[in-house]
Amino acid sequence: GGAGPGTGAHSTGEPRRQRRQRMEAVVFVFSLLDCCVLIFLSVYFIITLSDLECDYINARSCCSKLNKWVIPELIGHTIVTVLMLISLHWFIFLLNLPVATWNIYRFIMVPSGNMGVFDPTEIHNRGQLKSHMKEAMIKLGFHLLCFFMYLY
């Protein structure tokens with residue numbers, strides 16, 4: 001009788017489907033954890049920028065604190081975006097792509113001589129503080145949306 005495990009029409013498709021489901025789970029658990037870190041980073045950016053706005057810290061220490069986290073934020077977001085591309089989750093990939101592109105663009109376009117994305121000599125000019133604050137709020141909202149999508 002050839003009705004044991006490993007025989008029949010479903011024997012080749014079943015392990016592949018289980019591997020795919022396991023990989024999906026790993027991708028989304030990693031994305032969820034990464035998203036939690038990005039949410040905390042967004043909150044940290046908002047708190048630090050509002051401390052500068054209220055004159056609790058000076059521009060130099062604020063920018064120094066924030067610039068330390070620009071590259072980790074960029075890497076964290078880019079990894080999730082690439083993971084969604086590789087795992088063929090097109091909608092989530094396309095949702096993440098503009099934010100990842102913006103982070104990379106912002107990092108690349110730092111003028112030479114500046115301390116980083118956040119520069120103490122420019123942060124009070126032309127409403128830069130307000131735009132940095134608005135950007136951090138938008139990212140917080142975006143990461144919260146992604147958190148619940150990955151959770152689902």
Side-chain angles (χ1 to χ4, degrees), residues 1-53 61-119 122-123 127-152:
T7 61
H10 300 292
S11 65
T12 57
E14 202 59 41
R16 187 175 298 138
R17 189 175 311 123
Q18 287 173 342
R19 265 196 312 272
R20 174 126 173 98
Q21 286 174 340
R22 245 192 323 271
M23 284 310 294
E24 295 255 321
V26 167
V27 163
F28 279 99
V29 166
F30 176 80
S31 297
L32 194 64
L33 293 173
D34 185 73
C35 194
C36 287
V37 170
L38 291 172
I39 287 169
F40 283 118
L41 264 180
S42 294
V43 170
Y44 177 75
F45 276 39
I46 291 167
I47 290 170
T48 308
L49 287 167
S50 56
D51 282 353
L52 176 64
E53 199 172 34
S61 69
C62 172
C63 293
S64 167
K65 287 178 176 183
L66 296 178
N67 282 327
K68 204 183 315 179
W69 294 104
V70 168
I71 292 177
E73 177 197 25
L74 178 120
I75 291 170
H77 196 86
T78 304
I79 287 173
V80 167
T81 306
V82 170
L83 263 179
M84 292 304 162
L85 174 65
I86 292 170
S87 63
L88 305 177
H89 289 94
W90 298 109
F91 176 74
I92 300 174
F93 166 71
L94 291 173
L95 189 70
N96 276 288
L97 190 61
V99 179
T101 305
W102 172 253
N103 285 339
I104 292 168
Y105 170 80
R106 197 176 59 143
F107 180 71
I108 290 173
M109 298 309 287
V110 171
S112 62
N114 278 17
M115 188 177 182
V117 172
F118 299 93
D119 189 66
E122 292 183 5
I123 198 153
Q128 259 196 4
L129 181 58
K130 290 284 183 205
S131 68
H132 285 311
M133 183 68 93
K134 187 167 53 172
E135 179 183 324
M137 293 284 201
I138 290 168
K139 282 184 180 178
L140 177 62
F142 173 79
H143 294 310
L144 283 170
L145 172 78
C146 286
F147 175 81
F148 289 108
M149 272 189 353
Y150 301 150
L151 199 57
Y152 174 75

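One-based numbering along the sequence shown.
- Met115 approaches Cys63 most closely through the heavy-atom pair SD-CB, 4.1 Å.
- At least one side-chain heavy atom of Thr78 sits less than 4.5 Å from a side-chain heavy atom of Ile104.
- No side-chain heavy atom of Lys139 sits less than 4.5 Å from a side-chain heavy atom of His77.
- Considering SG of Cys146 and CG of Asn96, their distance stands at 4.5 Å, rounded to 0.5 Å.
- Proximity of a side-chain donor or acceptor of Asn67 to a complementary backbone N or O of Phe118 within less than 3.5 Å is detected.
- Checking side-chain atoms of Asp34 against main-chain N and O of Phe30 turns up no donor-acceptor pair under 3.5 Å.
- Considering only residues two or more places apart in sequence or on other chains, Leu88 meets the side-chain contact (heavy atoms from CB on, under 4.5 Å) condition with Trp90.
- Contact annotation: the side chain of Val27 approaches that of Met84 to within less than 4.5 Å [non-hydrogen atoms, C-beta and beyond].
- Atoms CZ and CD, on Arg106 and Glu73 in that order, are 5.5 Å from each other to the nearest 0.5 Å.
- Not a single donor-acceptor pair under 3.5 Å links the side chain of Ser31 to the backbone N or O of Phe28.
- Rounding to the nearest 0.5 Å gives a distance of 12.0 Å between CZ of Phe147 and CG of Leu140.
- Residue Thr101 holds its OG1 atom at 10.0 Å from CD1 of Ile108, rounded to the nearest 0.5 Å.
- Interatomic distance, Trp102 CH2 to Leu74 CG, rounded to the nearest 0.5 Å: 13.0 Å.
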Let me have the donor-acceptor pairs involving side chains of residues 35-51, under 3.5 Å, with sequence neighbours excluded, atom names and distances please.
unit_1: Ser42; atom_1: OG; unit_2: Leu38; atom_2: O; d: 3.1
unit_1: Thr48; atom_1: OG1; unit_2: Tyr44; atom_2: O; d: 2.8
unit_1: Ser50; atom_1: OG; unit_2: Ile46; atom_2: O; d: 3.0
unit_1: Ser50; atom_1: OG; unit_2: Ile47; atom_2: O; d: 2.9

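- Note that NE2 of His132 and CG of Leu66 are 8.5 Å apart. Values are rounded to the nearest 0.5 Å.
- Residues satisfying the side-chain contact (heavy atoms from CB on, under 4.5 Å) test with Asn114, not counting sequence neighbours, are Val110, Pro111, Asp119, Glu122.
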